[in-house]
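Input: a single structure, listed below in structure tokens.
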Amino acid sequence: MSASAPARHDGPPADYLSESTVKSWLLTVDHKRIGILYLISVTTFFFVGGVIAGLMRLELMTPRGDVLGSADTYNRMFTMHGVIMIFFFLVPAIPAVLGNFLLPIMIGARDLAFPKINLMSWYVYMIGGLMGVYILLHGGIDTGWTFYTPFSSMYSNTQVVTAALAVFITGFSSILTGLNFVVTVHTMRAPGMTWFRMPLFVWSHYATALIMVLGTPVLAISVVLVGLERFFGVGVFDPKLGGDPILFQHLFWFYSHPAVYIMVLPGFAVVSEIIPCFARRPIFGYRFVAFASVAIAIFGFLVWGHHMFVSGQSMYAGAVFSILSFLVAIPSAIKVFNWTATLYKGSIKFDTPMLYALGFMGLFTIGGLTGLMLASLAIDVHVHDTYFIVAHFHYIMVGGTVMAYLGGIHFWWPKMTGRMYSDLWGKLSALLVFVGFNLTFFPQFLLGYLGMPRRYFEYRPEFQVLNVMSTAGATVLAVGMVVPVIYLLLSLRGPKNAGPNPWNATGLEWQIESPPTTHNFHEPVLVTCEPYLYSPEEAEREYAHAQHDHVA
Amino acid sequence: MSELHQSSEAHEQSHHVIAVKTYVMIYWVLMALLLATVLASDMPLGGAHLLVAMTIALIKAILIVLFFMHVYYSAPLTWVTAVGSFLWVGLLLGFLLSDYFTRGWLHILGK
Amino acid sequence: MHTPSTTTSPESGRQLLLHHFDDLEQQHLSSNLGMWFFLVSEVMFFSGLIAAYTVYRAWSPEAFHLASRHMDKWLGFFNTWVLLTSSLTMALAVRCSQVGDRRGIVRNLFLTLVFGTAFLGVKATEYRTEINHNLFPGKHFIVPGSPEDPHAHAAEGSHEGGEGHEGAAAHASDYERLREASTVDGKLDEEKFSRNKGHFQLMFVLYFFMTGVHAFHMIAGLALVALFIVLTQIKWFSGYGQTQIEVLGLYWHFVDVVWVFLYPLLYLIE
Ligand SMILES: [Cu+2]
């Protein structure tokens, strides 16, 4: 802290939300406000992508293509769904919203290391996002979110170049966020905040940020090459001119497999905070969970070829990638086991965030285990490009990341806004999401196993029952997604009743006001203890006390 | 170093001022290597050309990184960053080539 | 927590502390580290191109060798020299900022600017020559000596004068030599021939793209150097700008390192 003691403002300092002009929002460099800007933008994109998914499920209710009219429209639908959900929602979702808001507070800093770059990353994201909207309104793109060559580079006559540019630009915002996080964790920790006193949220985000910095540029170059190829027809991916389309897949998956961890590591981050809090126990095996994050970030780069088993990649490389893919499951499993062990003998409370966290554990485990099935060469050849794959990655992305995102929003909503929401509605919608999700995607495992290929708008009549189930589930899921928006927004009309620590949680963010003041802390922060100092005995006493009060 | 000091990294990062003489010396070594790489390209080295050229380039790069970019005098973190980025390029190339060089080992079309 | 910024007094070289940092050390370290991690992502950006280069060169070494002969290795030599020199002056500028020599900063940055511009000038003339010889990839690309080449044979040999040591073979056109490289047991392998021609062009794709991206980085760097000269002159920086100039220096040296690899990879393929 600076030696020259600052003169205090008169009265209590205003919280970070108090200024409300448009300018104060658009020019803010406060990490919390930028987090809110991201919250609004990524959630909007989530619903845009969700509406498209809804249309696709509607189309798939019947075996004939009768809703969207043409296969071509359907192609554009699933591509736009993928592009929007992955690049504009899943990748930035948790890091840019919750990470931005919480990471500096959790390590006792006043802001990220580069507040202006943080704001810039939001603007860059918005430019990419607006281009996404432009593409959507101007015919979309039909290559699938993977932009596979040579279709994307030679044949598709949709907005490929614009999409490539949009992805390139959005990637930049991701790099800037990652850079900011890495540097912040290294240099901005408060006195006493050693590496092993950092919450696991910070460890996971650190690992995520590493992937963002190391992987995203390779995605950028691969989409630039596609754009180049389309403009000049120079043959980088054109076999006739000696180019190799598979090279694109290599470069693309060098980013896009690690990108799965960009999406799910922040989910781990959120769950690692929620589980100890609502089990009232310190996290089991803190160091293992922390190192598992970094291990995932590193090993995640060694397995990209498992997306290319049937692509013409050499069999030997396929075998190597297959074995490495099995290995990368180890750190993920370590995390799941440690959370489970944390729950053991805990004094578990089933508040809304906890419901999401438990849902995450179950669904992510299913997604992960089916991932192991897909990592074995023989099974993958059988179910490649079927709905089995679709179900698998939705269990990771929706069952994992989206559940964690919702859980995190519900956990920190009182901190971000100072208000509590209706617990009843919260639990109800968590239940809806869980049931709706499983109803939507579990049938897809069966469909895929039975051989229904992905990315077709018509299918054989015998698949209809399962498809109708899936569509019905999607409806429930949609309701479960809309309900939280309503009650969370309604909660904003109420008074700031949450208090600094409604969950009785540990962590620096719970020791300051809700909502926090602009500079987060009033006094110099000094950290003297480990995170997650929860005590089940104390929780039990409190519980008995509460019961007593009820009886009295 | 006391645990209370978060910025232990900060203190190892000295503002080491390198002598002009060192800079100039490194510069002349770089010049010599540059000349070596051009001359080597005209020598009958056969298949070793690429190896020689890349070795010289690597030495040049290391000199620039160590001295012009001050890594030699920097905190371990900077070392890790610099080495790590080279390592990651190697990783990409290594796994990529492990595919291309093993294609056709099995006599299955397309594998 | 409000931390009023330490008032800056340019003459004494005191530095400004942004409110979210605790001390200057932390502030300096953050900027430095931020640039390092930015450079890591830059390295990965180039590595995608290097990957494409490696794959295709391993595939058709002959095509890459022939294409590389069209790059003037002595111009490349000159440019490498210029760029390494600019790195020296940049390093000296950083040193001047550390010891508080404002005139030294301006002088060295100016030299960097001059060398950097010279590099781009030479690069531009190289591009022009190559484009004039129909070596720019795309519709107008012509493999020298191929039936479409309007001045086949006439132009050959005169440009490649520097390659005399290759003996008689040097007089054969690229087209003929690619054809030769695609001949197996006296029979022309059409598929291989068209791949070789494709890779011959691909080498130019990679050449223009890599050097183009590199030149873009140079232009960005030069703009910053020019800006920093002005900012140093008007004493805009807090202190002597040691943090900012050091960070710019890191960027500049990185661009130099990229070229150190590009030069042998593009100009010196035997
Ligand atoms: Cu993968």
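Per chain, numbering begins at 1; letters A, B, ... match sequence-line order.
By the neighbour-count criterion of 12 heavy atoms within 6.0 Å, atom CH2 of W74(C) is densely surrounded, having more than that number from other residues, nucleotides or ligands.
Chain B forms the most heavy-atom pairs under 4.5 Å with one residue out of V258(C), V94(C), L84(C), L92(C), and that residue is L84(C). The candidate from Y263(C), W36(C), F46(C) with the greatest count of non-hydrogen atom pairs under 4.5 Å with chain B is W36(C). The greatest number of non-hydrogen atom pairs below 4.5 Å with chain B, out of L265(C), V99(C), V55(C), V40(C), is found for V55(C). Between chain C and the options T81(B), D99(B), L97(B), I56(B), the largest number of non-hydrogen pairs under 4.5 Å is found for T81(B). Interface summary for chain B: among V260(C), L33(C), L88(C), the most heavy-atom pairs under 4.5 angstrom belong to L88(C).
Scanning residues 33-40 of chain B against chain C with a 4.5 Å heavy-atom cutoff picks out L34(B), L35(B), T37(B), V38(B), ordered by number. The interface of residues 106-116 of chain C with chain B, defined by heavy-atom distances below 4.5 Å, is empty.
For the residue pair S41(B) and K73(C), a side-chain donor N or O sits within less than 3.5 Å of a side-chain acceptor on the partner.
Note on residues 54-67 of chain C: pairs passing salt bridge (Lys or Arg N to Asp or Glu O under 4.0 Å), not counting sequence neighbours, are E62(C)-R177(C).
Both the backbone and the side chain of F68(B) come within less than 4.5 Å of a heavy atom of chain C. For L96(B), the part lying near chain C is the side chain, with the backbone staying farther off; criterion is any non-hydrogen pair under 4.5 Å. For chain C, no part of I26(B) is nearby; none of its heavy atoms comes within less than 4.5 Å. When heavy atoms are compared at a cutoff of 4.5 Å, Y23(B) approaches chain C by way of both its backbone and its side chain. Proximity to chain C is absent for every atom of F67(B), based on heavy atoms less than 4.5 angstrom apart.
When the side-chain contact (heavy atoms from CB on, under 4.5 Å) test is applied to E180(C), no partner is found at least two apart in sequence or on another chain.
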